[in-house]
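Below is one structure, written out as structure tokens; comments come after it.
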Amino acid sequence: MRAFPFAVLAGIFLAACSSSVRPAEQDGTDLWLAAGKPYGEVLASVQTAIDPALPAEGFHIYDAGGARHIDAGSEAGLRYGVYALQRAEALGQAGPGMDLQEKPFYDLRILNHWDNLDDTVERGYAGLSMWEWTAAEIPEARIRRYGELCASIGINGSVLNNVNSNPLMLDAEHIARVAKIADILREYGIKTYISIKWTSPISLDGLKSGDPLDPKVRAWWKDKADEIYAAIPDFGGFLVKANSEGQAGPQDYGRTHADGANMLAEALKPHGGIVMWRAFVYAPTSPDRANQAVEEFLPLDGQFADNVIVQIKNGPVDFQPREPFSPLFGKLRNTKMMMEFQITQEYLGFSNHLAYLGTMWKECLDSDTYRDGPGSSVAKMVTAVAGVANTGQDANFTGYVFAQANWYAFGRLAWNPELSAEEIADEWVRQTFLKPEGMSQKAFDKKFVAPVHDILMASREAVVNYEMPLGLHHLFGGTHYGPAPWDRMPPRPDWQPAYYHKADSAGIGFDRTKSGSDNVDQYNEPLASTYENLETCPENLLLWFHHLPWDYKLASGRTLWDEICLHYDRGIQTVEGFRKTWQELKPYVSPALWEETDRKLTIQANDGRWWRDANVGYFQTFSGRPVPEDVEPLRTPIDSLIFRVLLSDRLGMPQHDEEGNPIIVSMRRFRRP
Ligand code: GCW
């Protein structure tokens, strides 16, 4: 027998190993339940008991007498326990002697669906409404699947329709339909809520007014609540957008938000329902939109009924890639507050861009408001959490496998805001992507899980960088997908990017210091001074709080102008890094998921360059400075971007060509600025 040299033998052996690694077939429709055992199987493997001494939604998993047990405070707690065990098994954390006791941090963990009765979804990027309002029957199987997914991460409430609500939501036909959906969701521990339109009594029954102090109006809402509870005995309550972006509300009758919320609260109270009253209010006349929620709501602190909770967006403007936390979280003391996060990526590339939001939400939850001294984190100030859902009729629910990570992260953080974004990312990757056959767990962890986890962790900062770095915000146009810093679209100044970036030949940024809009003073000390002072203002919020000259020197020693260019470039290069990594991951991921992600990462990189060309190119018309030599040069002259728009389909989804470039077209009509 001829002896092969060792190196040759080793080579043959390695080749055999790698060729026997075959990616698992999967298409993303199992979401994060892909790697776990079926629920029924996990349930059948344990002994269960309801122990009223445990917290209602809490559970205890432990081993005793040669068996695994799950004790829980209620049926819902038991379900959470089974899912927790399923997750632990999938993550390899369910070995003998397991002992895990948990209860949710927040009682209300709610998804807000901005779904319309015509089946469109406002800011929805995963197809039409999954509730299928216009179909003859409700989509039962789909709703069950949704129920499982929500329950598996502890979500216990669902607001079925858009906050820009339709009065028909409250007619008999829709109440009956909502009742059918609620009957299914109840099985998964999920309460059903609806968004109401303030003027419903006028539209539906011809009342002359919507005045919350008018006895007829009050009686109408009371009767309506009784009617709903007759159909849905455990109905959760109302979510309300009032006196906001053109929606009517109590202020139209000279009344306050508290008057309005309390009227509804009174109607719901006998049934145990709640009102979630949104603080997303702003008027076109204000010099700083970021100041308005505090201006309107602080004077009402302590006036809201005990079954009212004020729902506040994480930032003071509107779900931008980076905002400081809303100052309202540090101001209200005698009002229940609820966080509103946006899971759907309205400003972070829709369902095209890979942007893991666990990091963004943690940044907000961990921020110290100093309301009751140091340690008053936003997470501790709020008593409930809502997330604007990213679900639709798409088979994978979210339009992109990586968008599923955000639904997952929302649920996990609502359950336990102390989890880290890293842990959640790691859990999600391991449960979502199946290990290829013939690959050891260790190899899979190293070659696939770790790099994908790293992509997730870097992704939000990449978006901030190529869209709106250094505290810039609201630079988008049209459908909110792409850049339009030049946009001066009527009718409102506070819908125009120039209101926010304020670029001129002297510099750029919004002066929110004491000598500007004084937004800094809405924050408690030491934050007010930290933001006010250029030496201490965090660089990633610099242009949020300050208007600075183009040649202002940053910590790096470079000028503001150069740093702006550098950040845009860094965002693009980070996405290029994701693309490169993804190429290397091809052997370990199913072809369907690999192709989907590859195409979307290409789109993301191209979109990133479009954001850069538009913003850097436009700001250069003011700065008059060259783009530094160590960054990638601009690709498209600014002249050819201004006044052109992205081609979108009928649902507002952006169109890209074969190479993944955004299709930018001339406007059909000139709109007078
Ligand atoms: O950010 C804006 C969105 C609107 C949304 C509004 C809100 C539902 O662009 O689509 O309306 O916020 O939160 O009410």
Side-chain angles (χ1 to χ4, degrees), residues 110-126 129 159-167 169 193-199 238-249 251 257 260-261 276-284 286 289-290 292-293 296-297 310-323 326 328 338-351 357 360 364 385-392 410 467-468 473-484 487 489 491-497 499-500 646 648 651-654:
I110 302 185
L111 285 182
N112 290 182
H113 293 269
W114 286 355
D115 293 22
N116 299 315
L117 295 185
D118 65 358
D119 284 339
T120 56
V121 180
E122 184 154 348
R123 315 305 173 189
Y125 314 113
S129 169
V159 184
L160 301 187
N161 63 314
N162 193 352
V163 287
N164 290 326
S165 179
N166 186 321
M169 195 66 195
Y193 302 75
I194 55 187
S195 300
I196 58 110
K197 189 164 180 82
W198 186 258
T199 49
F238 296 144
L239 172 61
V240 192
K241 172 174 179 176
N243 292 119
S244 163
E245 296 192 324
Q247 297 288 336
Q251 291 174 342
H257 288 291
M276 294 167 287
W277 191 271
R278 297 178 87 227
F280 180 64
V281 291
Y282 60 100
S286 166
R289 170 172 164 184
Q292 293 186 45
E296 282 197 35
F297 281 83
V310 173
Q311 184 169 310
I312 307 166
K313 288 187 181 184
N314 58 284
V317 171
D318 192 8
F319 299 138
Q320 299 303 286
R322 173 167 279 116
E323 296 188 35
S326 165
L328 206 46
M338 182 164 190
M339 170 63 70
E340 181 175 314
F341 286 133
Q342 192 181 46
I343 308 170
T344 191
Q345 293 167 229
E346 175 178 356
Y347 299 106
L348 291 100
F350 294 10
S351 51
L357 303 180
M360 174 159 106
C364 175
V385 187
V388 180
N390 61 351
T391 52
F410 170 76
E467 287 194 358
M468 322 184 196
H473 52 289
H474 209 295
L475 301 183
F476 53 84
T479 62
H480 301 183
Y481 185 78
D487 206 346
M489 212 130 66
R492 296 176 59 149
D494 55 356
W495 285 350
Q496 299 168 4
Y499 173 104
Y500 300 93
L646 175 69
S648 301
L651 294 177
M653 288 304 284

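First listed ligand is number 1; within each ligand, the first listed atom is number 1. Count residues from 1 along the sequence. Not measured: the values here are computed from a predicted model.
- Side-chain contact check for Gln311 and Asn112: at least one donor-acceptor pair (N or O, by modelled atom type) lies under 3.5 Å.
- When side chains are defined from C-beta on, Met339 counts as touching Asn314, because their heavy atoms get closer than 4.5 Å.
- Ligand 1 lies under 4.0 Å from heavy atoms of Trp114, Glu122, Arg123, Asn162, Val163, Asn164, Lys241, Glu245, Arg278, Phe280, Lys313, Asp318, Glu346, Tyr347, His480.
- Listed by chain and number, the residues in a side-chain contact (heavy atoms from CB on, under 4.5 Å) with Val121 are Asp115, Ser129 (sequence neighbours excluded).
- Residues Ser195 and Asn161 are in side-chain contact: their nearest non-hydrogen atoms beyond the backbone lie under 4.5 Å apart.
- When the side-chain contact (heavy atoms from CB on, under 4.5 Å) test is applied to Thr479, the partners found at least two apart in sequence or on another chain are Phe350, Tyr481, Ser648.
- Residues passing the side-chain contact (heavy atoms from CB on, under 4.5 Å) test with Asp318 are Phe280, Arg289, Lys313, Gln320, Tyr347, sequence neighbours excluded.
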